[in-house]
There are 2 protein chains.
Amino acid sequence: MPQTATAQPEKKPSRIQLRNRRKILDAALDVFSQHGFRGATLDQIAEAAGLSKPNMLYYFDSKEAIHVALLNALMDEWLAPLAVMDPDGIPLDELLAYIDRKMEMSRAFPRESRLFANEIIQGAPRILQDLEHRLKPLFDEKCRLIRTWMEEGKLAPMDPGHLIFSIWAMTQHYADFEAQVQVLMPDTHAAQESARTHVAKMFRNLLSV
Amino acid sequence: MPQTATAQPEKKPSRIQLRNRRKILDAALDVFSQHGFRGATLDQIAEAAGLSKPNMLYYFDSKEAIHVALLNALMDEWLAPLAVMDPDGIPLDELLAYIDRKMEMSRAFPRESRLFANEIIQGAPRILQDLEHRLKPLFDEKCRLIRTWMEEGKLAPMDPGHLIFSIWAMTQHYADFEAQVQVLMPDTHAAQESARTHVAKMFRNLLSV
DNA sequence: TCGTGGCTTGACCAAATGGTAAAAAACATC
DNA sequence: GATGTTTTTTACCATTTGGTCAAGCCACGA
């Protein structure tokens, strides 16, 4: 059982294991992000991964195990742009840089964005714990930081929590609702580019004191 | 075949038909908005509707027929707040009123919001036509209107399309990602209220010339 | 080069799922 | 209350789905 996340003995994974686990997780990202957990099937994932279904289940105990592993593996990566915000930087620059990083991630990793979006829209049944224990502390910490900046008069005053929500909403919209954006603004490339400057301007305007 | 939307003969539906079709659509809204199309099952919908599965299929030809009927029935209602924006009103007031209507809808009808969100995140396979033929014309019309207002100097200049995206992103975020919002801001009632003023201030700030 | 243990497969299974057929029940109309 | 029509139920079906199992393959260290 190479996949058990149980404990001590844990041999180091072989090259084959690493390669196949990566293939599975990548395929799962494709399928889960497109159909959500219940809508995705093991056969789809197996085919996308180029493995047989039993072979896949040799690496992960169950469908749910794949999903959880995927979310866990991506969570840190997904939160990195926020985590990196520097208390010693120039407040407005830090926030605008954060927004730009998020816009860039949305553009570069739409599958990841939709994976989380699907999970959360459906009530986050499989990552509520993670939200509590990994997202919440980070969120609270950054809210305190931003509030401090505002109290020092470095940023326009507002609720830091809602500010962060605004940033998430705006940046992820272009990835999560890409199908709609594409219908309404057919020139996707231009839309992406102008979206970036639009969002940047919007928040600069909002945050400037 | 009471459910065929085909054509002419179409007898007027009986009281029982109306009642049961409403029950089915309401149940389907519950289930589809929570699990997405592929993740929802007919058994779940039937149970939520208080009908047997075959009885339900007496009213709708298939799972897909229920989903499509639901989306169609809700589309106009969902677009009403935008449609109602008045070319002869005061530009800033019109837009802020629109934003407020959207925030209110998000609060009052989160299921509907999530239904569309699920469908669009998953690539909108069953309503692309509708987006093209019902949403796009309305979107284009309102973009032209807003552009006119901006050219008249009544609003700060920006891309009207991205402005509308911003409004959608911000207003729907609180419904679609409610699970996350609830983890990060546990006092939901207060969050809802402050969200409203936050978003209003944000866009007033952005749009004021 | 020969085992041996990690890796892969084909055959299989029980449960769930979307959907059907036909009879029974309920209802309306005369 | 007989008769035709709408609505509901019971029993069923084929396919899909998540998952298992035992046997076979193959890579690699001794």
Side-chain angles (χ1 to χ4, degrees), chain A residues 1-6 9-28 30-32 34-71 118 122 125-126, chain B residues 1-6 9-28 30-32 34-70 122 125-126:
Chain A
M1 295 171 236
Q3 74 286 13
T4 49
T6 37
E10 280 298 323
K11 288 205 168 179
K12 62 182 171 185
S14 71
R15 232 171 304 116
I16 294 178
Q17 256 186 69
L18 282 175
R19 181 171 49 86
N20 282 346
R21 288 172 135 266
R22 250 197 315 119
K23 285 205 294 186
I24 292 169
L25 290 177
D26 187 70
D30 261 7
V31 177
F32 281 134
Q34 204 168 112
H35 301 292
F37 180 73
R38 294 194 49 182
T41 73
L42 287 179
D43 291 288
Q44 283 177 295
I45 300 174
E47 197 195 329
L51 295 175
S52 68
K53 185 167 55 170
N55 197 10
M56 198 169 66
L57 288 168
Y58 170 76
Y59 290 101
F60 292 92
D61 282 335
S62 66
K63 184 183 175 183
E64 183 155 356
I66 299 178
H67 195 247
V68 169
L70 190 56
L71 289 166
N118 259 313
Q122 300 180 7
R126 282 163 293 275
Chain B
M1 298 171 232
Q3 73 287 15
T4 50
T6 37
E10 280 299 321
K11 287 203 169 182
K12 63 181 172 186
S14 71
R15 231 170 303 115
I16 293 177
Q17 257 184 68
L18 283 175
R19 180 170 49 87
N20 281 345
R21 287 173 135 264
R22 248 195 318 117
K23 285 206 295 185
I24 292 167
L25 289 178
D26 187 69
D30 261 8
V31 177
F32 281 135
Q34 204 168 111
H35 301 291
F37 179 73
R38 294 194 49 182
T41 74
L42 287 179
D43 291 286
Q44 283 178 294
I45 300 174
E47 196 193 329
L51 295 175
S52 70
K53 186 168 55 171
N55 196 10
M56 197 169 67
L57 288 168
Y58 170 74
Y59 291 101
F60 292 91
D61 281 336
S62 65
K63 185 183 175 182
E64 183 155 356
I66 300 177
H67 195 246
V68 169
L70 189 58
Q122 301 181 6
R126 281 163 294 276

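Throughout, protein chains are lettered first and strands after them, A, B, ... in sequence-line order, and every chain is numbered starting at 1.
Straight-line distance from the CD atom of A:Glu64 to the C1' atom of D:dG18: 12 Å, rounded to whole Å. What separates CZ of B:Arg21 from P of D:dT6 is a distance of 15 Å, to the nearest Å. The separation between B:Leu51 atom CG and D:dT10 atom P is 13 Å, rounded to whole Å. The separation between A:Asp43 atom CG and C:dG10 atom P is 14 Å, rounded to whole Å. Taking atom CE of B:Met56 as the reference point, atom C1' of D:dT6 lies 19 Å away to the nearest angstrom. Note: CG (A:Leu42) to C1' (D:dT20) measures 13 Å, nearest angstrom. Between the CG atom of B:Leu57 and the C1' atom of C:dA22 there is a distance of 16 Å, given to the nearest Å. Straight-line distance from the CD atom of B:Glu47 to the C1' atom of C:dT17: 15 Å, rounded to whole Å.
As judged by a 4.0 angstrom heavy-atom cut-off over every strand, A:Ala40 is placed among residues touching the sugar-phosphate backbone only.
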| task | Give the C-alpha distance, both sets of side-chain angles, the deciding distance and a yes or no for side-chain contact (heavy atoms from CB on, under 4.5 Å) between A:His35 and A:Val31. | result | CA-CA 6 Å; A:His35 301 292; A:Val31 177; 4.2 Å; yes
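Counting heavy atoms from C-beta outward, A:Ile45 and A:Leu51 have side chains that stay 4.5 Å or more apart.
Closest to the A:Pro54 side chain, of the nucleotides D:dG19, C:dA21, C:dG10, is C:dG10.
Under 4.0 angstrom from either OP1 or OP2 of C:dT9 there lies at least one side-chain N or O belonging to A:Ser52. Dashed line: the shortest gap from a side-chain N or O of A:Asn55 to OP1 or OP2 of C:dC7 is not under 4.0 Å. Taking side-chain N and O atoms only, A:Gln17 has no distance below 4.0 Å to OP1 or OP2 of C:dG6. Listed pair A:Tyr58 / C:dC7 meets the phosphate criterion, a side-chain N or O lying under 4.0 Å from OP1 or OP2.
In the interface, the side chain of B:Lys53 is paired with the base of C:dG18 through a donor and an acceptor atom under 3.5 Å apart.
Summarising the local packing, CD of B:Glu47 is surrounded by 12 or fewer heavy atoms from other residues, nucleotides or ligands at distances under 6.0 Å.
Ring planes of B:His67 and B:Phe32: perpendicular class, angle over 60° (limits at 30 and 60°).
In terms of the side-chain hydrogen bond (donor to acceptor under 3.5 Å, both in side chains) criterion, residue partners of A:Asp26 (sequence neighbours excluded) are, by chain and number, A:Arg111.
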